[in-house]
Amino acid sequence: MDSSIWAALSSYLIPLLLLLVFLEQISYLKKKRTVPGPSLVFPFLGNAVSLVRNPTRFWENQSDLAQASPLGVSANYIIGKFVVFVRSTDLSHKVFANVRPDAFHLIGHPFGKKLFGDHNLIYMFGQDHKDLRRLLAPNFTPRALSIYVPIQQRIVAEHLARWLQLSNGTPIGLRWLCRDMNLDTSQTVFVGPYLSGESKERFNFDYNLFNVGLMKLPIDLPGFAFREARLAVKRLAQTLGGQSS
């Protein structure tokens with residue numbers, strides 16, 4: 001490109017970029033007002049990098065800020081999304097009591113619709129949501145729960161015995177072992193013997209991709225964790241859906 005053309009473009013692009021950054025900061029500060037949170041945010045990305053690097057620390061910091069607030073809330077900014085963290089139990093109840101099309105929406109993840117799909121239960125409203133909840137309700141009655149508990153207790157006892165064998169009296173990491181135990185209890189309770197060994201392995205593999213993608217930047221391109229997670233969600237639904245046919 002000719003240097004004169006590049007210089008001419010730069011004279012427009014740089015001021016435009018600076019204007020966008022300025023407007024972004026103003027929009028964030030206007031929404032934030034006096035709510036505890038970062039005074040300034042990194043342009044366009046916000047605090048997405050710190051969220052990806054250490055999710056636990058990120059949300060702990062938000063919780064600490066909210067604890068110091070009279071309202072029990074704190075604010076942040078993640079890739080174009082203004083985020084409000086609610087620590088107050090009473091305020092949380094009020095928010096969930098007002099989930100409807102003209103008020104609050106559940107999102108599950110800042111880019112949840114792209115990850116879970118527009119027709120996920122948490123994005124439904126009205127009669128469709130009521131009909132699906134009515135179909136799911138029998139799975140969570142006291143009678144149903146009384147059936148689940150002995151199954152869960154048996155699986156937990158099996159895993160604990162396996163952990164003791166693995167440790168052989170020495171400390172071992174429990175993070176992945178607990179994950180496997182939780183997957184085993186959920187799969188056995190809700191799908192029972194209809195999930196084959198091969199299907200379980202496929203489910204575990206895709207579920208891990210999904211969890212990793214939740215904590216990564218939402219770059220929906222081949223080779224990125226978010227894309228792998230989005231595709232894994234579809235395969236998880238296919239794996240579970242195939243068991244009912």
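What you see below is based on every heavy atom in this structure, not just the backbone, and it leaves out hydrogens, waters and symmetry mates.
- By the neighbour-count criterion of 12 heavy atoms within 6.0 Å, atom CZ of R100 is densely surrounded, having more than that number from other residues, nucleotides or ligands.
- Here NZ of K216 is found 12.0 Å from CG of N211. Values are rounded to the nearest 0.5 Å.
- The shortest distance between side-chain heavy atoms of L177 and L174 falls below 4.5 Å.
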From CA spacing to verdict: side-chain contact (heavy atoms from CB on, under 4.5 Å), V212, E228: CA-CA 9 Å; V212 171; E228 295 296 329; over 6 Å; no
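- Between P43 and Q25, the closest heavy-atom pair is N-NE2, 4.4 Å.
- Side-chain atoms of L121 and L136, non-hydrogen and from C-beta on, do get closer than 4.5 Å to each other.
- Heavy atoms of other residues, nucleotides or ligands lying less than 6.0 angstrom from CZ of F44 number more than 12.
- Within the 4.5 Å cutoff, side-chain heavy atoms of L18 are placed close to those of I14.
- M181 contributes atom CE, which lies 10.0 Å from atom CD of Q152 (distance to the nearest 0.5 angstrom).
- Side-chain contact between Y28 and L40 is absent, with no heavy-atom pair separated by less than 4.5 Å.
- Residues satisfying the ring pair (Phe, Tyr, Trp, His ring centres under 6.0 Å) criterion with H105, sequence neighbours excluded, are F125.
- Linking ILVMFWY side-chain heavy atoms closer than 4.5 Å, directly or via other members, places V156 and W176 in two distinct hydrophobic clusters.
- Taken from CD in E60 to CD in Q67, the straight-line distance is 12.0 Å, to the nearest 0.5 Å.
- Heavy-atom contacts from other residues, nucleotides or ligands closer than 6.0 Å to CZ of R179 number more than 12.
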Could you walk me through whether R235 and R202 pass the side-chain contact (heavy atoms from CB on, under 4.5 Å) test, one step at a time? CA-CA 9 Å; R235 292 194 298 270; R202 185 167 61 249; 5.8 Å; no
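- Put simply, the side chain of K31 does not reach to within 4.5 Å of the side chain of V84, judged on heavy atoms.
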Let me see the working for L51 and W59 under side-chain contact (heavy atoms from CB on, under 4.5 Å), right down to the final yes or no. CA-CA 8 Å; L51 172 60; W59 294 116; 3.6 Å; yes
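- Remark: L23 CG to K30 NZ distance equals 11.5 Å, nearest 0.5 Å.
- Hydrophobic clustering, with ILVMFWY side chains joined whenever heavy atoms are under 4.5 angstrom apart, keeps L65 apart from F58.
- Taking each heavy atom of Y77 and E24 in turn, the nearest pair found is OH-OE2, 2.8 Å.
- Annotation: E198, atom CD; neighbour count of heavy atoms from other residues, nucleotides and ligands within 6.0 Å does not exceed 12.
- Here the shortest heavy-atom pairing between L115 and L214 reads CD2-CD2, 3.3 Å.
- Contact of the N139 side chain with the Y148 side chain is registered, since non-hydrogen atoms from C-beta on lie closer than 4.5 Å.
- What you find for F224 and I219 is that their closest heavy atoms are CB-O, 3.3 Å.
- Closest of all the heavy-atom pairs between P38 and K32 is O-CE, 3.4 Å.
- By the 4.5 Å heavy-atom criterion applied to side chains, F203 and L236 are counted as neighbours.
- Hydrophobic clustering of Ile, Leu, Val, Met, Phe, Trp and Tyr side chains at less than 4.5 Å, counting indirect connections, unites L19 with I26.
- Interatomic distance, OG of S199 versus CD of Q238, reported as 12.0 Å (0.5 Å rounding).
- L20 and I78 fall into different hydrophobic clusters, where Ile, Leu, Val, Met, Phe, Trp and Tyr residues are linked whenever their side-chain heavy atoms come under 4.5 Å apart, directly or through other members.
- A single hydrophobic cluster is seen to contain both L183 and Y194, as judged by linkage of ILVMFWY side chains at heavy-atom distances under 4.5 Å, directly or through other members.
- Taking both residues in full, the closest heavy atoms of A144 and P138 are given as CB-O, 3.5 Å, listed atom of the first, atom of the second, then distance.
- In this structure the side chain of Q187 reaches within 4.5 angstrom of the side chain of N204, judged on heavy atoms.
- In this structure, F111 CZ and I79 CD1 are separated by 4.5 Å, a value rounded to the nearest 0.5 Å.
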Any chance you could lay out the salt bridge (charged side-chain N to carboxylate O under 4.0 Å, His left out) test for D206 and K234, step after step, and finish with the verdict? CA-CA 9 Å; D206 286 331; K234 293 183 178 181; over 6 Å; no
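- Qualifying side-chain contact (heavy atoms from CB on, under 4.5 Å) partners for R154, counting only residues two or more places apart in sequence or in other chains: I151, E158, T188.
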